[in-house]
Amino acid sequence: MLDAESLRARCAKELESSPRGYFGGLPWLRDAFETVPREHFAPDRLWWPRPGEDGLYALIDRNETPKRWLKAVYLLRTPLITQIDDGAVSPDAPANGAFTSSISCITVVLEMLRHLAPDPGDKVLEIGTGTGYNAALLAHRAGPGTVTTVEIDPQIAAQAKDRLDALGIRARVITADGEQGCPEGAPFDRIVSTASARHIPPAWLRQLRPGGVLITPLDSPAGYDLTVRMTGTGNGAAVGYPVATVEFMRMRGQRSPRPHAELGWPDEIDMQRWRDYEVRADQHGQRIVHRAPVTAPTAPTG
Ligand SMILES: C[S@@+](CC[C@H](N)C(=O)[O-])C[C@H]1O[C@@H](n2cnc3c(N)ncnc32)[C@H](O)[C@@H]1O
């Protein structure tokens with residue numbers, strides 16, 4: 001069995017050679033992944049995200065099955081569940097219920113960071129601190145004191161803060177409803193949400209500097225989320241497009257379903273062509289439109 005460092009190196013090799021190009025040719029992203037110890041951020045007790053034959057999510061306990069636990073932490077495509085039913089279920093046995101916090105799977109984390117593309121010194125806002133792992137990766141790139149991360153659950157926020165502090169990572173952890181962003185830290189060069197939105201909160205758009213980048217999972221009529229990459233255009237507005245399909249936990253305040261027509265989606269959608277949609281959002285709401293087909297310029301006649 002490999003140790004954590006060797007597992008990280010092995011994952012990095014696999015990610016680098018994947019046709020999906022998870023590091024996107026960005027050396028800093030590989031460096032961040034190889035440097036930040038994911039196992040430091042994963043709680044000792046985690047639930048496996050698929051139910052067993054008994055209908056329950058199995059518990060993986062670091063102290064009881066350390067090798068299994070470490071292997072799970074370094075699976076590339078498996079999120080591990082760290083909270084069920086907003087903490088009503090304690091992590092001491094197999095359980096079922098709604099997933100409310102996790103350490104997101106490695107490929108999804110990297111894909112979002114690749115599209116976010118923070119630069120050193122950028123002011124970054126993360127919504128959904130969870131374990132603190134993504135905040136640590138962000139801080140590795142953007143630098144000490146640049147990252148603010150907001151978590152709605154006080155216990156989860158406190159644990160993430162302790163983990164970041166223990167590694168000497170200077171990131172600000174705030175316990176609050178991330179739908180409000182962090183007005184006192186604005187404007188931000190980069191905003192990333194690791195909880196999914198049905199509608200993009202206006203506060204994020206106000207707090208994104210013009211030219212800044214916002215990445216968020218956005219609910220779609222297809223029943224899964226689209227990761228959208230928005231660019232701030234000023235005056236609390238942004239425009240962008242989907243870059244991936246994904247499934248994320250919903251932001252607490254946006255759990256109740258709403259008709260997609262109310263959320264700016266067109267009546268007729270073709271989710272086979274999700275890449276062709278454009279997302280526009282401002283202080284009045286969002287609108288998702290199919291980008292006009294590109295028409296070839298007509299050749300001059302005569
Ligand atoms: C998928 S987890 C985040 C994973 C995390 N980024 C990591 O690196 O481990 C989503 C988190 O978003 C949090 N969350 C949900 N709604 C929120 C809100 N309105 N504001 C802030 N955090 C929220 C949840 O409590 C949960 O911890």
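Since this is a predicted model, take the numbers as computed values, not measurements.
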Check: residues 144-152 side-chain donor-acceptor pairs under 3.5 Å, at least two apart:
| residue | atom | partner | partner atom | Å |
| --- | --- | --- | --- | --- |
| T146 | OG1 | G143 | O | 2.6 |
| T149 | OG1 | E126 | OE1 | 2.7 |
| T149 | OG1 | T129 | OG1 | 2.7 |
| E151 | OE1 | T129 | N | 3.3 |
| E151 | OE1 | G130 | N | 3.0 |
| E151 | OE2 | D153 | N | 3.0 |

Residues forming a side-chain hydrogen bond (donor to acceptor under 3.5 Å, both in side chains) with D61, sequence neighbours excluded: R45
Is a donor from one side chain sitting under 3.5 angstrom from an acceptor on the other, for Q283 and R206? yes
Charged N-O contact under 4.0 Å between E39 and R62: no
Could you go step by step and tell me if R250 and S196 meet the side-chain hydrogen bond (donor to acceptor under 3.5 Å, both in side chains) rule? CA-CA 4 Å; R250 197 83 62 210; S196 134; 2.6 Å; yes
Basic-acidic side-chain contact under 4.0 Å: R198, E262: no
Between I200 and L214, is there a side-chain heavy-atom distance shorter than 4.5 Å? yes
Expected output: side-chain K123 to main-chain R190 donor-acceptor under 3.5 Å: no
Going by an N to O cut-off under 4.0 Å, is there a salt bridge joining D276 and R291? no
Looking at side-chain heavy atoms only, is the closest gap between P120 and W28 below 4.5 Å? no
Approximate separation, where rounding is to 0.5 Å, of L80 CG and W69 CH2: 9.0 Å
Residues that Y277 engages under side-chain hydrogen bond (donor to acceptor under 3.5 Å, both in side chains), provided they are two or more places apart: none
Mind checking the CD-OG spacing from E247 to S104? Nearest 0.5 Å is all I need. 12.5 Å
Considering only heavy atoms from C-beta outward, does the side chain of H115 approach that of T227 to under 4.5 Å? no
Taken to the nearest 0.5 Å, the spacing of Q155 CD from Q83 CD works out to 8.0 Å
Side-chain donor-acceptor contacts of residues 9-17 below 3.5 Å, not counting sequence neighbours, with atom names and distances?
| residue | atom | partner | partner atom | Å |
| --- | --- | --- | --- | --- |
| E16 | OE1 | R30 | NH1 | 2.7 |
| S17 | OG | K13 | O | 3.1 |
| S17 | OG | E14 | O | 3.2 |

Between the CD1 atom in I269 and the OG atom in S220, the distance rounded to the nearest 0.5 Å is 6.5 Å
Whether W204 side chain and Q180 backbone form a donor-acceptor pair below 3.5 Å: no
Please report the closest heavy-atom contact between R68 and A58, naming both atoms and the distance. NH2-CB, 4.4 Å
Output the rest of the hydrophobic cluster of I156: all Ile, Leu, Val, Met, Phe, Trp and Tyr residues reachable through side-chain heavy-atom contacts under 4.5 Å, sorted by chain and number. none
Do T82 side-chain atoms and S101 backbone N/O form a donor-acceptor pair below 3.5 Å? yes
C182 backbone acceptor or donor facing Q207 side chain under 3.5 Å: yes
Using a 3.5 Å distance criterion without hydrogens, assess whether the side chain of D177 forms a donor-acceptor pair with backbone atoms of E179. yes
Going by the side-chain hydrogen bond (donor to acceptor under 3.5 Å, both in side chains) test, which pairs reach into residues 18-27, not counting sequence neighbours? R20-E111
Show the nearest heavy-atom pair for residues P210 and G234, with the distance to one decimal. CG-CA, 3.9 Å
Side-chain heavy-atom pair L137, T35 within 4.5 angstrom cut-off: no
Can you find a pair of side-chain heavy atoms, one from D225 and one from T245, that are under 4.5 Å apart? no
Can you tell if the side chain of N63 reaches within under 4.5 Å of the side chain of D44, non-hydrogen atoms only? yes
Between F33 and Y74, what is the ring plane arrangement, given parallel below 30°, perpendicular above 60°, and tilted in between? perpendicular
Might you work through the side chain to side chain contact (heavy atoms under 4.5 Å, CB included) test for S193 and F248, ending with a clear yes or no? CA-CA 10 Å; S193 177; F248 257 96; over 6 Å; no
Would you say that more than 12 heavy atoms from the other residues, nucleotides or ligands in this model lie under 6.0 Å from the CD of E5, or not? no
Nearest 0.5 angstrom please: F41 CZ to T131 OG1, how far? 7.0 Å
Salt-bridged, D86 to R255, with N to O below 4.0 Å? yes
Apply the hydrophobic cluster definition, ILVMFWY joined by side-chain contacts under 4.5 Å directly or through others, and give me every member besides V289. none
When you compare the side chain of T78 with that of P49, does any pair of heavy atoms fall below 4.5 Å? yes
Can any side-chain N or O of D165 pair as donor or acceptor with the backbone N or O of G168 at less than 3.5 Å? no
Would V279 and V239 count as a side chain to side chain contact (heavy atoms under 4.5 Å, CB included) if you check the C-alpha gap in whole Å, the side-chain angles of each, and the deciding distance to 0.1 Å? CA-CA 6 Å; V279 182; V239 61; over 6 Å; no
With F99 via ring-ring contact (aromatic ring centres under 6.0 Å, His included) - residues at least two apart: Y57
D119: which residues meet the side-chain hydrogen bond (donor to acceptor under 3.5 Å, both in side chains) condition with it, sequence neighbours left out? none
For the pair F23 and L110, evaluate side chain to side chain contact (heavy atoms under 4.5 Å, CB included) and give the outcome as yes or no after the intermediate values. CA-CA 7 Å; F23 295 128; L110 294 177; 3.7 Å; yes
For a 4.5 angstrom cut-off between non-hydrogen side-chain atoms, does W274 reach Q272? no
Quick check for you: to the nearest 0.5 Å, what is the distance between L76 atom CG and C105 atom SG? 8.5 Å
The criterion is side-chain hydrogen bond (donor to acceptor under 3.5 Å, both in side chains); which residues satisfy it with D92, sequence neighbours excluded? S90
Passing option when D219 is tested against Q254, H199, H260, R258 for side-chain hydrogen bond (donor to acceptor under 3.5 Å, both in side chains): H260
Residues in side-chain contact (heavy atoms from CB on, under 4.5 Å) with L56, at least two apart? D54, P94, N96
Does the D85 side chain pair with the main chain of A88, one donor and one acceptor, at a distance under 3.5 Å? no
For residues 228-239, which residue pairs pass the salt bridge (charged side-chain N to carboxylate O under 4.0 Å, His left out) check, not counting sequence neighbours? none
Is R38 reaching over with its side chain to a backbone N or O of V73, donor-acceptor style, under 3.5 angstrom? yes
